[in-house]
Enquirer: 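This is the structure, below, for whatever I ask next.
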2 protein chains.
Amino acid sequence: MYKLKDVAEKANVSLATASLAINDSDLVNDKTKKKVLDWVQKLGYYPNMHARNLARGRSYNIVLMINSKYFLTYSNIFYLRVIGGIIKEAEKTEYSVVFSFYGDKKDFDLEKFKHKITNIDGIVVLDVIDKKNLKILKEKCKLPIILIDNHKKNKSTYGVDNDDYGGAYKATKYLIELGHKKIGYIGIPDSHPLGKECWEGFKKALEEYNLNEFCSYKKCKLGITSGREAIDYLININKNNLPSAFFCLNDYIAIGVMEELKNKGYKIPDDFSIIGMDDMPLSSEIDPPLTTVKIKMEEMGNIGINNLISIINNNYKGPRKFIVDNELIKRKSCKSF
Amino acid sequence: MYKLKDVAEKANVSLATASLAINDSDLVNDKTKKKVLDWVQKLGYYPNMHARNLARGRSYNIVLMINSKYFLTYSNIFYLRVIGGIIKEAEKTEYSVVFSFYGDKKDFDLEKFKHKITNIDGIVVLDVIDKKNLKILKEKCKLPIILIDNHKKNKSTYGVDNDDYGGAYKATKYLIELGHKKIGYIGIPDSHPLGKECWEGFKKALEEYNLNEFCSYKKCKLGITSGREAIDYLININKNNLPSAFFCLNDYIAIGVMEELKNKGYKIPDDFSIIGMDDMPLSSEIDPPLTTVKIKMEEMGNIGINNLISIINNNYKGPRKFIVDNELIKRKSCKSF
DNA sequence: TTGTAGGCGTTATCAA
DNA sequence: TTGATAACGCCTACAA
């Protein structure tokens, strides 16, 4: 493995000149620069990162923190997409992305990566993080932090979030404009910030068209099974007065809803219109393909990492909370009423 | 940020002693060691990684290389699980996992991380990598490499693979033992190593019970839609003499197969038994829950990272290709014939 | 424009 | 068992 000294000797310049040339400094003339760079090429030289970072006092590492429970248990493709966006964008820069799991509320353990803290320039936290743990993280690490999809209105921390409110509003409005007046809401508890946002977006659309809430089920988790249970419950409760459409908080719930309705002998979209949120790969493959609100997951990753790098370099100008818009994807699970 | 010198001064020892104490060397007595460690605690000192790694000539970084196309386009949960296993296991060690995407055959670009090569101790490649690109990688980087789920019989490179052959064999045998004699095979082309392995495992089981191949479709990709197309094709071809069971190369295909059969008015498992491979979260949630072969994805990640670390440290004793077994998960999509 | 020398924070060697 | 001191490879004033 060659070092700077080798390059300098070959090119017949001093160490300093070689270093400056490699870092494209104005202090060295083009001819010398070229001579040095040619030898860099010829030798296949790459600077030793440890030495460089030690001298520069930076590490060009960004840690991506993920709640291991959510990641492993729910195995949500959402993560895959956001992570993809993060890595893809990071690779355009000089930064590397290092992974780190953290435990849940009680076993939130910084020791696990604390020893690497001198090797980190900034932190991305993916998904909801407990307020208390966030505080610990901030206090102990004293590094720039950005929260992606944290859903929280934590004013003092930078974040990138999907426009949950707007998405739910958009979806509901679409159903209304198709002529539906009795729309069922299927989501998660309002205690979860995502649940709250969606519920408010949903209601906003109803209000705008002077419609009343018809029926709702908010006890879902985010999986298919929950969708099934929701339908069982709602159909049981409203036997003689069923809604004509269902807003579902995410695609998995929507898929469960559709499955269960089909099991009960109903036709989609003839008997019920179904709309979801997320746009999973699966959503376009099921039958009928699901109408949904596409969350720009990769873009959230892109923006997150770029904003963080700007923050690290003290030139971030954007808002504390960056809201990413989303897009209605019309497929075949909805029809006009 | 405190440095070693601060600790040494506080503890009233020399730099060398402090360093030795922190690295738990036998050369320093327990009393001194404790004194130093107490001050480490008190000051909240952590060694500077750049300095340490520079001095040690190691980086304790492992790069996880992933084909960006597969990762982003197919968004397979398989990745999530393996990556989870890798990170979880790496966190028990002093190694960090850094992510890196690589392009496809033609734009396989090492330059993108080549500059960080002095910052890497080893490489994990996830999923199939082109033979030619692997060669480039090996020659340019000269670092320990391990291939996870590469499916290839590349003898000279370390690898961790699922027992595809055994899994297909196991699944088929199960169908046969349920009494099925006419079993359809739905998979991907034999040109893909996964396809080849599964097809051979499938045939092996048939042979053992003196059964003939009944019908097969090998043009699938790995998604739900492919499963649908396969059923359309097979049912059309065999109109008057249908199989009683289908072996499907993965769960997504199996799900498509089940959906399409249900659409055509058949009942699962009454009319057809369906078996898949993978065990996705989805598989237990659909109706009926899918019988499948559970691939130990997290374990593959665990083993991969551990083996790589052993290889880095020159104490790996296991086989070049480490084969991970899998497990038949009986659910409700199969019944005896 | 180029070269010299000191510093970045650890580890490791070798006397004491 | 401890304490100077020289690496590790690069960056950057400062001087020439």
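To find a chain, count down the sequence lines: A is the first, B the second, and so on, and within it residues start at 1. Quick caveat: nothing in here was measured; it's all calculated off a predicted structure. Computed from heavy atoms alone, side chains included, the values below leave out hydrogens, waters and symmetry copies.
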Enquirer: Is A/Y45 touching bases, backbone alone, or none of the nucleic acid, heavy atoms closer than 4.0 Å?
Expert: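 If one applies the 4.0 Å heavy-atom cut-off, A/Y45 turns out to touch the sugar-phosphate alone, with no base involved.
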Enquirer: Identify the heavy atoms of A/I311 and A/P144 that sit nearest to each other, and give their distance.
Expert: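 Answer, listing the atom of A/I311 first, then A/P144: CG2-CB, 3.8 Å.
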Enquirer: Provide the closest heavy-atom pair for A/L80 versus B/F71 in the form atom of the first, atom of the second, distance.
Expert: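 Closest heavy-atom pair between A/L80 and B/F71: O-CE2, 3.2 Å.
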Enquirer: Do you know which of B/T17, B/N23, B/V36, B/I22 makes side-chain contact (heavy atoms from CB on, under 4.5 Å) with B/V28?
Expert: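 Result for side-chain contact (heavy atoms from CB on, under 4.5 Å) with B/V28: B/T17.
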Enquirer: So which atom in A/K33 and which in A/A21 form the shortest heavy-atom distance, rounded to 0.1 Å?
Expert: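 Heavy atoms of A/K33 and A/A21 come nearest at CG-O, 3.9 Å.
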Enquirer: For the ring pair A/F322 and A/Y158, is the centre-to-centre distance below 6.0 Å?
Expert: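 They do not qualify: ring centres at least 6.0 Å apart.
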Enquirer: Going 5' to 3' on DNA chain C, which nucleotide is the first and which the last to come under 4.0 Å of a heavy atom in chain A?
Expert: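 Counting from the 5' end, contacts occupy C/dT1 to C/dG9.
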Enquirer: DNA chain D: B/A51 or B/N12, which has the more 5' nearest nucleotide?
Expert: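 Counting from the 5' end, the first nearest nucleotide belongs to B/N12.
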Enquirer: What are the bounds, 5' to 3', of the part of DNA chain D that sits under 4.0 Å from heavy atoms of chain A?
Expert: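 First and last nucleotides in contact are D/dG9 to D/dT12.
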Enquirer: With sugar-phosphate meaning primed atoms plus P, OP1 and OP2, does A/L4 contact a base, only sugar-phosphate, or nothing at under 4.0 Å between heavy atoms?
Expert: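 Sugar-phosphate only.
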Enquirer: When you measure from the centre of the six-membered ring of B/Y60, is the NZ or CZ of B/R58 closer than 6.0 Å and no more than 45° off the axis?
Expert: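 Yes.
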Enquirer: For DNA chain C, whose closest nucleotide is more 5', that of A/L15 or that of B/R56?
Expert: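 The residue closer to the strand's 5' end, by nearest nucleotide, is A/L15.
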Enquirer: Can you name the closest pair of heavy atoms from A/L126 and A/Y102 and give their distance?
Expert: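 Taking A/L126 first and A/Y102 second, the nearest heavy atoms are O-OH, 4.1 Å.
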Enquirer: Residues from residues 17-36 of chain B sitting under 4.0 Å of DNA chain D, heavy atoms only?
Expert: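 The answer is B/T17, B/L27, B/V28, B/N29, B/T32.
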Enquirer: Hey, which sits more toward the 5' end of DNA chain D by its nearest nucleotide, A/A16 or A/L54?
Expert: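 It is A/L54 whose nearest nucleotide is closer to the 5' end.
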Enquirer: Please find out if less than 6.0 Å separates the ring center of B/Y45 from that of B/Y2.
Expert: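 Between B/Y2 and B/Y45, which both carry aromatic rings, the centre distance is not below 6.0 Å.
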Enquirer: State, to 0.1 Å, how close B/P47 and A/T118 come at their nearest heavy-atom pair, and which atoms those are.
Expert: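 Of all heavy-atom pairs spanning B/P47 and A/T118, the closest is O-OG1, 3.2 Å.
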Enquirer: Charged N to carboxylate O below 4.0 Å: is that the case for A/D38 and A/K34?
Expert: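 Salt bridge between A/D38 and A/K34, a charged N being under 4.0 Å from a carboxylate O: yes.
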Enquirer: State whether the side chain of B/S100 and the backbone N or O of B/V63 hold a donor-acceptor pair below 3.5 Å, judged by distance alone.
Expert: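 The answer is no, because no donor-acceptor pair under 3.5 Å joins these two groups.
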